[in-house]
Amino acid sequence: MQRIGVFVCWCGSNIAGTVDVHAVAEALKNESGVVFSTDYQYMCSQAGQDIIKNAIAEHKLTGIVVCSCSPRMHEATFRKTAAAAGLNPYMVEIANIREQCSWVHKDMLSGTEKAVILGRAAIAKVHLNAPLIPGQSPVAKRALVIGGGIAGIQTALDIADAGFPVDIVETKPTIGGKMAQLDKTFPTLDCAACILTPKMVDAAQNELIKIYSYSEVSQVSGYVGNFDVTIKRRARFVKEDLCTGCGLCTEKCPQKKVPNEFNLGMDTRRAIYIPFAQAVPKVATIDPDYCTMLKTGKCGICSKVCTAGAIDYTAKDEFITEKYGAIVVATGYNPISMEKFDEFAYSQSKDVITSLEFERLTNAAGPTAGKLLRPSDGEHPHKIVFVQCVGSRCDSCAEKGKEYCSKICCMYTAKHAMLTRDKYPDTEVYVFYIDVRTPGKAFDEFYRRAVEEYGVHYVKGMVGKVVPQGKKLMVQASDLIDGKQLHIDADLVVLAAAIEPDKSARPLATMLTASMDTNDFFTEAHPKLRPVESPTAGVFLSGACQGPKDIPETVSQASAAAAKVIGLLCKDHLTGNPCVASANEMLCSGCSQCANVCPYGAITYSEKEFRMPNRTTLMRRVASVNPAVCQGCGACTVACPSGAMDLNGFKNNQIMAEVDAICRN
């Protein structure tokens with residue numbers, strides 16, 4: 001017979017506001033096996049934990065029930081408290097009477113009644129609980145960072161500074177990400193290349209950092225501390241160890257009409273190319289879609305002019321498998337496609353561009369060498385219209401864009417407007433906006449400078465349509481402050497396109513069994529308490545893969561993710577979760593249903609010999625669970641048709657006991 005203690009938390013007024021906590025404690029005192037019941041204002045506080053410790057010692061409790069907030073919040077806290085008092089931590093049950101009760105009820109009578117029922121269910125489960133002992137697993141002292149933008153670079157540098165080896169996997173031929181395409185950064189207007197390039201070089205020169213550029217993660221297995229990752233290194237047809245980055249091959253290549261993706265297709269490059277001057281690694285890459293030699297077997301000029309002998313037309317994709325203790329996702333973002341926003345004439349006129357394309361036009365290494373020229377005719381524009389929130393905050397037309405705010409658009413538009421007016425004072429600049437959102441440090445002052453010092457015309461209202469007419473773009477818009485319609489004959493229209501997660505995020509999340517929201521951003525384990533951790537143990541989040549972020553916020557999160565990784569890699573062993581699945585071999589039919597639904601690959605099958613009643617033996621195929629890999633999700637228990645699979649700590653009889661307690665009058 002269990003000796004159970006019940007502890008009801010007020011949570012200030014969060015619970016006590018709609019639940020009579022004294023009545024709950026008194027009602028649960030009469031339940032079978034309960035020898036102690038009390039309530040306290042903040043059970044998670046040190047004083048509250050002392051009440052629990054003293055009660056365990058004084059009443060010789062063998063199990064406790066804490067009626068409080070969600071187990072996601074403080075289950076670990078109360079388990080540590082029980083362990084400190086000498087009680088097995090897995091003899092602790094949490095009855096969630098906040099999120100599941102007080103927060104969804106306004107009437108105290110019904111709220112109290114439901115709280116008693118939830119507490120009764122938890123008590124019924126404790127009666128069937130058994131002490132569990134967690135196992136241990138070793139930790140591979142190596143980290144993987146997926147994505148080589150500023151977030152990935154900063155994370156890798158911080159991990160390497162702590163003395164742990166780290167690999168960066170980047171799909172592009174060079175690291176640098178979106179920041180490498182920027183000209184200036186807000187609000188300080190620093191040169192993006194000037195602050196990014198030193199970090200790229202530091203990453204390349206650090207002995208503990210290995211960069212797998214032009215590569216992608218193709219397979220992930222294992223668990224926290226012991227991930228097995230297969231990396232696909234795409235053939236670049238240039239030997240990285242021999243290429244000196246001299247660029248002679250890129251000058252001599254006769255195929256000159258390849259769209260330059262680094263400049264967003266606004267100019268061309270050669271079939272063999274180095275993305276930009278500061279690329280890391282500075283190694284040429286042959287584009288197999290355009291290389292004449294690879295397509296027809298005729299040409300080979302780059303091989304002839306390469307003095308290092310680095311060209312290898314026979315190169316194949318290479319697969320590398322490494323073991324990692326932790327994985328950091330830093331896959332970044334992309335601007336959304338403008339195909340669905342034809343009211344702005346993006347597909348009709350070359351002079352309607354996105355903000356990132358405008359960034360390349362103003363960059364000294366861009367297609368116009370930093371001169372602001374119209375893409376259609378190379379003339380200087382004298383009237384520019386910036387349109388905010390194109391694809392962002394689309395509540396009424398979510399099928400076209402995104403419902404969320406992209407967060408960075410207001411600030412980079414202010415930057416573009418300010419730099420344009422500073423360099424070209426004869427240019428008239430209009431900004432159409434829904435709201436100006438500038439919540440960061442010195443952000444609002446930056447925006448006010450654009451208006452007050454540089455004379456940028458900010459108009460609260462939306463652009464309804466852009467119509468190309470000759471060399472002009474006729475912009476039809478509304479001014480909500482003055483309550484009138486505006487018609488502006490612009491030379492250039494710049495669209496602040498919404499940002500979305502990189503397309504690689506969804507398949508990567510599937511491989512990592514990581515959670516995502518409806519917009520394909522990675523979901524954190526807890527938005528306040530664990531903002532850089534994924535719900536999947538050992539997987540951490542860095543940068544815009546989690547949501548729209550500016551550069552300072554991205555770098556901050558990158559260092560935070562690195563700190564979490566360092567804390568994990570410092571351990572020689574990890575304590576596992578004992579709440580894992582187990583198979584009853586006598587009931588198992590070997591149907592493989594459990595293995596098919598297991599997202600972690602924790603279930604395998606083996607042939608075992610069983611003694612039959614008539615003294616014969618029978619070989620049967622039965623399931624076996626690897627407790628180090630199992631994450632206790634319970635998918636196998638509901639899929640098993642014979643009821644052979646069960647979950648420690650959440651066994652079928654425990655769940656049914658809770659159901660019976662709830663149904664009891």
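Being a predicted model, the structure only gives us computed values, none of them experimental.
- Under 3.5 Å, the side chains of Ser559 and Asp158 contain a donor-acceptor pair of N or O atoms.
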Next item on the list: Please report the C-alpha distance between Cys409 and Phe386 in whole Å, then the side-chain angles of each, then the deciding distance to 0.1 Å, and finally whether the side-chain contact (heavy atoms from CB on, under 4.5 Å) criterion is met.
Entry: CA-CA 11 Å; Cys409 314; Phe386 290 88; over 6 Å; no
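- Atoms CG and CG, from Leu196 and Asp190 in turn, are 12.0 Å apart once rounded to the nearest 0.5 Å.
- Using a distance-only test at 3.5 Å, with no hydrogens or angles considered, a donor-acceptor pair links the side chain of Ser218 to the main chain of Thr230.
- Between the side chain of Thr536 and the backbone N or O of Thr513 there is at least one donor-acceptor pair closer than 3.5 Å.
- By the neighbour-count criterion of 12 heavy atoms within 6.0 Å, atom CD of Glu607 is densely surrounded, having more than that number from other residues, nucleotides or ligands.
- Counting non-hydrogen atoms of other residues, nucleotides and ligands closer than 6.0 Å to NZ of Lys172 gives a total of 12 or fewer.
- Note that CD1 of Ile153 is 10.5 Å distant from OG of Ser542, once rounded to the nearest 0.5 Å.
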Next item on the list: Evaluate the criterion side-chain hydrogen bond (donor to acceptor under 3.5 Å, both in side chains) for residue pair Ser504 and Thr331; output intermediate values, then yes/no.
Entry: CA-CA 7 Å; Ser504 64; Thr331 48; 5.0 Å; no
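- Looking at Tyr346 and Leu495, their side chains come closer than 4.5 Å, going by heavy atoms from C-beta outward.
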Note to self: side-chain contact (heavy atoms from CB on, under 4.5 Å) for Glu170 and Ile211? Distances and angles first, verdict last.
What the structure shows: CA-CA 8 Å; Glu170 169 57 47; Ile211 299 173; 5.6 Å; no
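- Rounding to the nearest 0.5 Å gives a distance of 8.0 Å between CE of Met516 and CG of Leu508.
- Residues passing the side-chain contact (heavy atoms from CB on, under 4.5 Å) test with Lys549, sequence neighbours excluded: Gln546, Glu553, Thr554, Gln557.
- Remark: the backbone N or O of Ala345 is not paired with any side-chain donor or acceptor of Asp342 at under 3.5 angstrom.
- Taking the side chain as every heavy atom from C-beta outward, Leu492 and Val352 never approach each other to under 4.5 Å.
- For the atom pair CE (Met619) and NZ (Lys608), the distance works out to 10.5 Å, reported to the nearest 0.5 Å.
- The two atoms that bring Ala203 and Ile175 nearest to each other are CB-CD1, 4.4 Å, heavy atoms only.
- Side-chain atoms of Lys257 do not come within 3.5 Å of backbone N or O of Arg270 as any donor-acceptor pair.
- Of all heavy-atom pairs between Leu157 and Lys199, the closest is CD1-O, 4.0 Å.
- Here the side chains of Val565 and Thr155 are not in contact, with every heavy-atom distance at 4.5 Å or above.
- With contacts defined as side-chain heavy-atom distances shorter than 4.5 Å, the pair Lys407/Asp550 does not qualify.
- Side-chain contact of Glu359 with Asn363: a donor-acceptor pair under 3.5 Å is absent, judged by distance alone.
- Shortest non-hydrogen contact noted between Asn263 and Gly366 is OD1-CA, 4.0 Å.
- Counting only distance, with no hydrogens or angles, the side chain of Glu318 and the backbone of Ala235 share no donor-acceptor pair below 3.5 Å.
- Using a 4.0 Å cut-off between charged nitrogen and carboxylate oxygen, Lys210 and Glu322 do not count as a salt-bridge pair.
- Side chain of Ser624 to main chain of Thr604: no donor-acceptor pair is present (N/O by atom type, distance under 3.5 Å, no hydrogens or angles).
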Notebook entry, point to check: Yes or no on side-chain contact (heavy atoms from CB on, under 4.5 Å) for Glu524 and Phe522, after CA distance, side-chain angles and deciding distance?
Noted result: CA-CA 7 Å; Glu524 62 277 6; Phe522 283 87; over 6 Å; no
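- Proximity of a side-chain donor or acceptor of Ser376 to a complementary backbone N or O of Lys350 within less than 3.5 Å is not detected.
- Looking at Thr362 and Leu419, their side chains never come closer than 4.5 Å, going by heavy atoms from C-beta outward.
- Looking at Thr250, its side chain never comes within 3.5 Å of a backbone N or O of Tyr273 through a donor-acceptor pair.
- For the residue pair Gly370 and Lys423, the shortest heavy atom distance occurs at O-NZ, 3.2 Å.
- Put simply, the side chain of Arg530 never gets that close to the backbone of Ala525: no donor and acceptor are under 3.5 Å apart.
- Rounded to the nearest 0.5 Å, atoms OG (Ser515) and CG (Leu541) are 9.5 Å apart.
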Checklist line | Candidate pair Val625 and Met645, rule side-chain contact (heavy atoms from CB on, under 4.5 Å), full reasoning | finding: CA-CA 10 Å; Val625 180; Met645 296 299 293; 3.6 Å; yes
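- Two residues are said to be in side-chain contact when any heavy atoms from C-beta on lie closer than 4.5 Å; Ile272 and Val238 meet this criterion.
- Defined by atom type and a distance below 3.5 Å, a donor-acceptor pair is present between the side-chain atoms of Ser406 and Ser392.
- Using modelled atom types, no side-chain atom of Gln631 and backbone atom of Cys633 make a donor-acceptor pair closer than 3.5 Å.
- Phe227 and Gly222 make their closest contact through CD2-C, 4.1 Å (heavy atoms, listed as atom of the first residue, atom of the second, distance).
- Every side-chain contact (heavy atoms from CB on, under 4.5 Å) that Ser592 has, sequence neighbours left out, goes to Asn596, Tyr605, Arg621.
- Ion pair Arg234/Asp317 not flagged as a salt bridge, since none of the NZ, NE, NH1 or NH2 atoms sits closer than 4.0 Å to an Asp/Glu carboxylate oxygen.
- You'll find the side chain of Lys295 stays beyond 4.5 Å of the side chain of Gln255, heavy atoms only.
- A donor and an acceptor atom, one from each side chain of Tyr324 and Asp167, are located under 3.5 Å apart.
- Ring orientation note: the planes of His416 and Tyr412 are tilted relative to one another, at an angle of 30° to 60°.
- Atom CD1 of Ile603 sits about 7.0 Å away from atom SG of Cys630, to the nearest 0.5 Å.
- Within the 4.5 Å cutoff, side-chain heavy atoms of Asp572 are placed close to those of Lys141.
- For the pair Lys184 and Phe186, the cation-pi criterion (under 6.0 Å, within 45° of the ring axis) is not fulfilled.
- Pairing each heavy atom of Ala310 with each of Cys243, the nearest pair is CB-N, 3.7 Å.
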